[in-house]
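Data block below; observations after.
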There are 2 protein chains.
Amino acid sequence: MTAPRRRMPKAQRMAQMLTVAEEIFAEQGYLATSMDEIAERVGVSKPMLYEYFGSKEGLLIGCIHRARTELRDKTAAAIAGAGSPEEFLRLGLRAFFEFIVDHQRSWALLRQEAAIAVPSAQEEVEGIRQQQTDMIGSVLVSFAPAIDPLEAEAFAEIVVGACERLAVWCERRPSVGPALATDYVMAVIWPGVAERLMKLPSPAQLA
Amino acid sequence: MTAPRRRMPKAQRMAQMLTVAEEIFAEQGYLATSMDEIAERVGVSKPMLYEYFGSKEGLLIGCIHRARTELRDKTAAAIAGAGSPEEFLRLGLRAFFEFIVDHQRSWALLRQEAAIAVPSAQEEVEGIRQQQTDMIGSVLVSFAPAIDPLEAEAFAEIVVGACERLAVWCERRPSVGPALATDYVMAVIWPGVAERLMKLPSPAQLA
DNA sequence: GCTCGTAACTTACTTCGAGTAACCTACTGT
DNA sequence: ACAGTAGGTTACTCGAAGTAAGTTACGAGC
């Protein structure tokens, strides 16, 4: 006497699968989770998951991709009105840490779990970082066009790495919210970045 | 006519297994590697691996643990003679990046692959970071005893995160060696850290 | 230089979960 | 009412983790 299994339009079913999978992966880890288990919790049979995502790996990538899109949109919206590089950085970091707090579980999944399993999930995770480094890199370049591109990239990587790590740390420190985390990162990196930008001609000077 | 399988004392066999496993894991990834494959390349049968390491997960943890120990020893040796916080940081970072270059493959394993699979491997990987943050944290505290411990921790996490990420980036940028990587990180973080330390009383002032 | 004890090893399984082939059924438009 | 199909299921195969029970190389003691 199981509940009568309702049919669903594809898009809706897919979203439901992603939500359930994200939750279980985050709870138990990718390896420890079986496709049967996910299927059961969705209320559907295993081959449906394969119909929608092709493989266990595909399902994982789907989860990551959805989160990636959401993070990108939120960050882009947050930095839209920024005027100075400092404001750009601060607003971007803030949006990032807020995203993490809202998605604690799936963030663990993205960062820690996803990477190991499968080269293609790895790529998807790298894609998230790429978004972030691109954003930061472009801010640096737009405010100091003469900067060595390699250096700009390195700076962006440093900032992204710092935030990722601090985000994980924040999970164990509930007293440290998005605002404080942002302050910590800015306190460490901003003087160094500002000092470097100062030495380079501004866009106005070059024009 | 396979080569006559030589027996070996336990310690030696164990080291050999770790070396082979580290190599194959790094090449193919943890999931894509089978225990039979490792066993074959060691020249031994699968149950031997289980005799020595208990499980596939155990073998992975063994690999990580060995690398962790090596990294700790090298870093500790490198910073032994440092006098100022800046010198501490610089020498420590340098040792870290040099370790990475020497262990490119296994570093990928440690950072990316290991984390996903298994909570206990996750702990081992966290242990590596813990060593690093402890080291940095203790440097900060020894030079500025009045610093808020939470802030010191956050700073340490930020620096470790920055280095981890930059290390991954360096793999794709062979032109960026340990020296340049160290310079980049110091350029970004040192002004901020120095500024913060300056505001606090020195150990001498407190004594 | 034989033989006894055991550390080091193997063969031959069981089990479990990813992935698949082939078939089924509720809903839609006509 | 009925046909067509989107959405779904049952019942398998296959490969790899893990294990039980048996086997062999090798040094110690006589």
Side-chain angles (χ1 to χ4, degrees), chain A residues 1-22 24-25 27-64 109 113-114 116-121, chain B residues 1-22 24-25 27-63 113-114 116-121:
Chain A
M1 278 304 106
T2 59
R5 289 177 174 165
R6 293 281 317 146
R7 295 196 163 196
M8 251 184 209
K10 271 205 163 176
Q12 195 179 335
R13 183 64 91 193
M14 193 156 170
Q16 183 202 12
M17 286 172 171
L18 285 174
T19 302
V20 170
E22 187 177 309
I24 306 192
F25 281 150
E27 264 170 31
Q28 314 185 343
Y30 176 77
L31 281 185
T33 303
S34 77
M35 290 296 266
D36 282 307
E37 198 179 346
I38 297 172
E40 195 189 352
R41 208 137 119 188
V42 171
V44 106
S45 68
K46 184 168 62 169
M48 276 287 93
L49 292 175
Y50 284 90
E51 173 75 20
Y52 280 72
F53 295 99
S55 66
K56 190 181 180 186
E57 183 178 329
L59 180 54
L60 176 66
I61 293 174
C63 293
I64 300 169
L109 164 72
E113 309 266 341
I116 182 187
V118 281
S120 33
Chain B
M1 275 302 110
T2 61
R5 288 178 173 165
R6 292 286 317 150
R7 296 197 162 195
M8 254 186 206
K10 271 207 164 176
Q12 195 178 334
R13 183 64 92 192
M14 193 156 169
Q16 183 203 11
M17 285 173 172
L18 285 174
T19 302
V20 170
E22 187 176 311
I24 306 192
F25 280 149
E27 262 169 32
Q28 313 186 344
Y30 176 78
L31 282 184
T33 302
S34 78
M35 290 296 266
D36 281 306
E37 197 179 345
I38 297 172
E40 195 191 351
R41 208 136 117 190
V42 172
V44 105
S45 68
K46 185 169 60 169
M48 276 288 94
L49 293 175
Y50 284 91
E51 173 76 20
Y52 281 72
F53 295 98
S55 65
K56 191 181 179 183
E57 181 177 330
L59 179 54
L60 177 66
I61 292 173
C63 293
E113 308 268 339
I116 181 186
V118 279
S120 34

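Here is the naming used below: chain letters follow the sequence lines, and residue numbers restart at 1 for every chain.
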Check the distance between [N]'s [atom2] and [X]'s [atom1] and give it to me in whole angstrom.
X       : N      : atom1 : atom2 : answer
A:Met35 : D:dT9  : CE    : C1'   : 16 Å
A:Met14 : D:dG7  : CE    : C1'   : 15 Å
A:Leu31 : D:dA16 : CG    : P     : 15 Å
B:Asp36 : C:dC13 : CG    : C1'   : 13 Å
B:Glu40 : C:dC9  : CD    : P     : 16 Å
A:Ile38 : C:dG19 : CD1   : C1'   : 14 Å
A:Leu59 : C:dG19 : CG    : P     : 10 Å
A:Leu49 : C:dT20 : CG    : P     : 13 Å

Choosing from [options], which nucleotide comes nearest the side chain of [X]?
X       : options               : value
B:Arg7  : D:dG8, C:dG19, C:dA7  : C:dA7
B:Met8  : D:dG8, D:dG18, C:dC9  : C:dC9
B:Val44 : C:dA26, C:dT10, D:dT9 : C:dT10
B:Ser45 : C:dT10, C:dC9, C:dG19 : C:dT10

task: Taking B:Tyr52 for its side chain and B:Leu59 for its backbone only, find out whether a donor-acceptor pair lies under 3.5 Å.
output: no

Just call it for [X]: base, sugar-phosphate, or nothing, with non-hydrogen atoms closer than 4.0 Å on any strand.
X       : result
A:Phe53 : nothing
B:Lys10 : sugar-phosphate
B:Pro47 : base
B:Met48 : base

- prompt: Any chance CD of B:Glu27 has more than 12 other-residue heavy atoms, nucleotides or ligands included, within less than 6.0 Å?
  reply: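 Enclosed.
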
message: Any side-chain N or O of B:Tyr50 below 4.0 angstrom from OP1/OP2 of D:dA20?
response: no

field: Short side-chain N/O contact from A:Arg13 to OP1 or OP2 of D:dA6, under 4.0 Å
entry: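 Negative; the distance criterion is not met.
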
message: With rounding to the nearest 0.5 angstrom, report the CG to CD1 distance, A:Leu18 to A:Ile64.
response: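 A:Leu18 atom CG to A:Ile64 atom CD1 measures 11.0 Å (nearest 0.5 Å).
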
message: To the nearest 0.5 Å, what is the distance between NZ on A:Lys10 and CD on A:Glu51?
response: 5.0 Å

task: Given side-chain contact (heavy atoms from CB on, under 4.5 Å), test B:Lys56 with B:Ile38 step by step and report yes or no.
output: CA-CA 10 Å; B:Lys56 191 181 179 183; B:Ile38 297 172; over 6 Å; no

query: Are B:Met17 and B:Met48 close enough that some pair of their side-chain heavy atoms sits under 4.5 Å apart?
result: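 Yes, side chains in contact.
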
Side-chain heavy-atom pair A:Glu57, B:Leu31 within 4.5 angstrom cut-off: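 Result no, sub-4.5 Å side-chain heavy-atom pair not found.
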
- prompt: What would the secondary structure line of DNA chain D be in dot-bracket form, counting Watson-Crick and G-U wobble pairs under 3.5 Å, with [ ] for pairs that cross earlier ones and | for pairs with another strand?
  reply: ||||||||||||||||||||||||||||||

query: Does the C:dG19 base have a donor-acceptor partner in the side chain of A:Lys46 within less than 3.5 Å?
result: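 Side chain to base: pair found, below 3.5 Å.
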
- prompt: Taking only residues two or more places apart in sequence, or in another chain, which ones meet B:Ser34 in a side chain to side chain contact (heavy atoms under 4.5 Å, CB included)?
  reply: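 Checked B:Ser34 against side chain to side chain contact (heavy atoms under 4.5 Å, CB included); matches are B:Asp36, B:Glu37.
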
